[in-house]
Each structure stands twice: as structure tokens, then as C-alpha cells.
Asks: 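Just dropping this structure here.
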Amino acid sequence: MSKVLILSGGSQGIGFATAKRFLAEGYRVINLSRRPIDLAGAEQLCVDMQKRDWLDTCIDDLQAVVKQADKLVLLHNAARHDGDSVRDLEPENFADVLQVNLVAPQQLNAALIPLMKAGSVILYMGSTLSEKAVAGCASYIASKHGVIGLMRATTQDLAGLGIHTACICPGFTDTAMLRGNIGDDPEVMAAITGMVSYGRLIDPAEIVETLFFCAQNPVINGSVLHANLGQIER
């Protein structure tokens, strides 16, 4: 059985850990990102999802892979996280974030779904901020709310095809993106972990296990899974 994982943003963080896990399970792994993935056995297609025509350079290669796959897992993982506010969010910047976080996943869907066999999977990477909000990251929050909507539309539009979907929403995960946003301030870190019932950051491997479970179990079709160690609401 030919098993393939196509994921975006696999060069670091949760994406990299996911690629490593699926590779160990016998999947052919293809990463879509600007930065190459440093993982023996994984394949790289260098693309810039911020460009509207990013898919033009790799569509033929991807479709050829999907045609040969008995089971395809498509993971929409790449994301752009800007610090911005509805007070001053410029249309161009908003459109750029939506392109990476929401439009690019649908571009992949439209290109690959017609070739996907029954038993395949489409997984969306959401966020705790897919169903709540905080100040200071308006474009990210809006786009991640949209990701849940796109997943739910996927469930309805693909009914009867044997392709299941879900949106996995990690909490505070120990990734380069998170640390880049909060810096090295111990007070900020303490404030973040203080909002988690376990008092710590999530290891990317914990999210990977959630993703792998979702990829194997169609019973979760249409689900939004919050993997956040139990956030404390204030």
C-alpha cells in the first residue's frame, strides 16, 4: 500500500516532528515550504505560499504523486503569525496572511482532491485562537477561525467520498514560532504556562500523536480537536 504525507511548513516545529513521525511509519513524505526540510528520506518542494501563483511550479509533481498514492494524508500546517490589530491592520497585510493561512490550503485542496482515493485524509492545523481571541494578532485570529470553517465545509462537500477531515488546534506549543513571538522574557513565559492546567508548554511530539491518531480514524470526521493541556480561562 502506497502511503503519502504531503504537508506544508514541515521544515521546523510541529511540521518537522510530524514529517519525522510519518516517515517512520512508512509514509512517503513531501514537504512544501520556503526552507528545506533537514530530514533524511523526506522530499522537498520549495515554494512560497505568500504568492498567489505558488502552486504553478509544483502542481504537476504533486498530482503525479497523488495519482499513485493509495492513501494520501494532506496536512495544512504552514502559517503566518503577525502582530497586528483591527485598529491599524492594512488590507495588503491582511490579504498576505489570509493567502498563507487560508487561501493556499484551499488551492491545494482544489488541485488534489479530485485525485485522492477513498481512505485519504485532509487535516487542518488550527489554533486555540481558532475559537477565541486575544488582543494584538487580528489577522492570525481571523484566518484561524476561517480554517475551522474551511474544514467544516470540507466535511460537507466531500460526504460519501471516503475522505475524512479534522482541525487540530494546539495550545501553547514549544516551537520556534512561539518563542519568536514571546522572546526570552521569563515573566512572559511564566504568564503563558500559568494559563495551562499542567503548567508547561506542549511538546510538538504530543501534537504529532494527535495528528497521527486523526489520520488513522475516520470517526473524527468534521471534528475540532483542542490539544492544549487544558487552558485556564480567566
Asks: Could you list the cluster mates of Phe213? Members are the ILVMFWY residues connected by side-chain heavy atoms closer than 4.5 Å, either directly or through other members.
Replies: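 Members other than Phe213 - counting any ILVMFWY side chain reachable under 4.5 Å - are Val219, Ile220.
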Asks: Taking C-beta and beyond as the side chain, do His76 and Met151 meet within less than 4.5 Å on heavy atoms?
Replies: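 In short, these two side chains do not touch, never coming nearer than 4.5 Å.
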Asks: Hey, any chance Ile148 and Leu225 share a hydrophobic cluster, counting ILVMFWY side chains that come within less than 4.5 Å of each other, even indirectly?
Replies: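 No, no single cluster joins them.
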Asks: Working to the nearest 0.5 Å, report the span between NZ of Lys20 and CG of Asp38.
Replies: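 Lys20 NZ to Asp38 CG: 10.5 Å, rounded to 0.5 Å.
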Asks: About how many Å separate CD1 of Ile122 and CG of Leu108, when rounded to the nearest 0.5 Å?
Replies: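 Rounded to the nearest 0.5 Å, the CG-CD1 separation comes to 9.5 Å.
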Asks: Suppose the criterion is side chain to side chain donor-acceptor pair (under 3.5 Å): which pairs have a residue in residues 83-96, not counting sequence neighbours?
Replies: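 Non-adjacent pairs meeting side chain to side chain donor-acceptor pair (under 3.5 Å): Asp84-Ser139.
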Asks: Suppose we screen for salt bridge (Lys or Arg N to Asp or Glu O under 4.0 Å). Which residues come up paired with Arg35, at least two apart in sequence or across chains?
Replies: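 Per chain and number, Arg35 pairs via salt bridge (Lys or Arg N to Asp or Glu O under 4.0 Å) with no residue.
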Asks: I need the full list of side chain to side chain donor-acceptor pair (under 3.5 Å) pairs touching residues 153-171, with sequence neighbours left out, sorted by first then second residue.
Replies: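 For residues 153-171, and leaving out neighbouring residues, the side chain to side chain donor-acceptor pair (under 3.5 Å) pairs sorted by first residue read Tyr124-Thr154.
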Asks: Checking side chain to side chain contact (heavy atoms under 4.5 Å, CB included) against Phe16, which of Leu7, Val208, Ile37 comes through?
Replies: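 When Leu7, Val208, Ile37 are each tested with Phe16, the side chain to side chain contact (heavy atoms under 4.5 Å, CB included) holds only for Ile37.
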Asks: With sequence neighbours excluded, tell me which residues meet side chain to side chain donor-acceptor pair (under 3.5 Å) with Glu233.
Replies: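 Per chain and number, Glu233 pairs via side chain to side chain donor-acceptor pair (under 3.5 Å) with Lys132.
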Asks: In the hydrophobic clustering that connects Ile, Leu, Val, Met, Phe, Trp and Tyr at side-chain heavy-atom distances below 4.5 Å, which members other than Tyr140 occupy its cluster, ordered by chain and number?
Replies: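 Its cluster partners, ordered by chain and number, are Leu129, Val134, Ile141.
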Asks: Can you get from Val29 to Met116 by hopping between Ile, Leu, Val, Met, Phe, Trp and Tyr side chains that sit under 4.5 Å apart?
Replies: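 Shared cluster, no.
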Asks: May I ask you to test the Leu62-Leu32 pair for a side-chain heavy-atom distance under 4.5 Å?
Replies: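 Yes, at least one pair of side-chain atoms sits under 4.5 Å.
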Asks: Can you confirm whether more than 12 heavy atoms, excluding those of Arg52, are under 6.0 Å from its CZ atom?
Replies: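 Count not over threshold, so no.
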Asks: For the CG atom of Leu23 and the CZ atom of Arg21, what is their distance to the nearest 0.5 Å?
Replies: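 Leu23 CG to Arg21 CZ: 11.5 Å, rounded to 0.5 Å.
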Asks: Can you run down the salt bridge (charged side-chain N to carboxylate O under 4.0 Å, His left out) pairs that involve residues 107-128, sequence neighbours left out, and say none if there aren't any?
Replies: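 As it turns out, there is no salt bridge (charged side-chain N to carboxylate O under 4.0 Å, His left out) pair with a partner in residues 107-128 once direct neighbours are skipped.
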Asks: Which of these passes side chain to side chain contact (heavy atoms under 4.5 Å, CB included) with Cys169: Thr128, Val224, Asn228?
Replies: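 Option passing the side chain to side chain contact (heavy atoms under 4.5 Å, CB included) with Cys169: Val224.
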Asks: Who are the ring pair (Phe, Tyr, Trp, His ring centres under 6.0 Å) partners of Phe212, not counting sequence neighbours?
Replies: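 With sequence neighbours excluded, Phe212 shows a ring pair (Phe, Tyr, Trp, His ring centres under 6.0 Å) to Phe22, given in chain and number order.
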Asks: State which residues pass side chain to side chain donor-acceptor pair (under 3.5 Å) with Ser33; sequence neighbours excluded, sorted by chain then number.
Replies: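 Counting only residues at least two positions away or on another chain, Ser33 forms a side chain to side chain donor-acceptor pair (under 3.5 Å) with Asn31, Gln44.
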Asks: Suppose we screen for side chain to side chain donor-acceptor pair (under 3.5 Å). Which residues come up paired with Arg152, at least two apart in sequence or across chains?
Replies: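 Not a single residue meets the side chain to side chain donor-acceptor pair (under 3.5 Å) criterion with Arg152.
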Asks: Check side chain to side chain donor-acceptor pair (under 3.5 Å) between Asn101 and all other residues, then give those that pass, not counting sequence neighbours.
Replies: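 Side chain to side chain donor-acceptor pair (under 3.5 Å) list for Asn101, sorted by chain: Ser143.
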Asks: Does the distance from a Lys or Arg side-chain N to an Asp or Glu carboxylate O, for Glu206 and Arg200, drop under 4.0 Å?
Replies: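 Yes, charged N to carboxylate O under 4.0 Å.
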Asks: Could you list the residues that satisfy salt bridge (Lys or Arg N to Asp or Glu O under 4.0 Å) with Asp82, not counting sequence neighbours?
Replies: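 Expected list: Arg80.
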Asks: Is it the case that His226 and Gln231 place a side-chain donor and acceptor less than 3.5 Å from each other?
Replies: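 Distance-only check fails for His226 and Gln231.
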Asks: Is Gln63 close to Leu112 at the side-chain level, that is, under 4.5 Å between some pair of heavy atoms?
Replies: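 A side-chain contact exists here, since the closest heavy-atom pair is under 4.5 Å.
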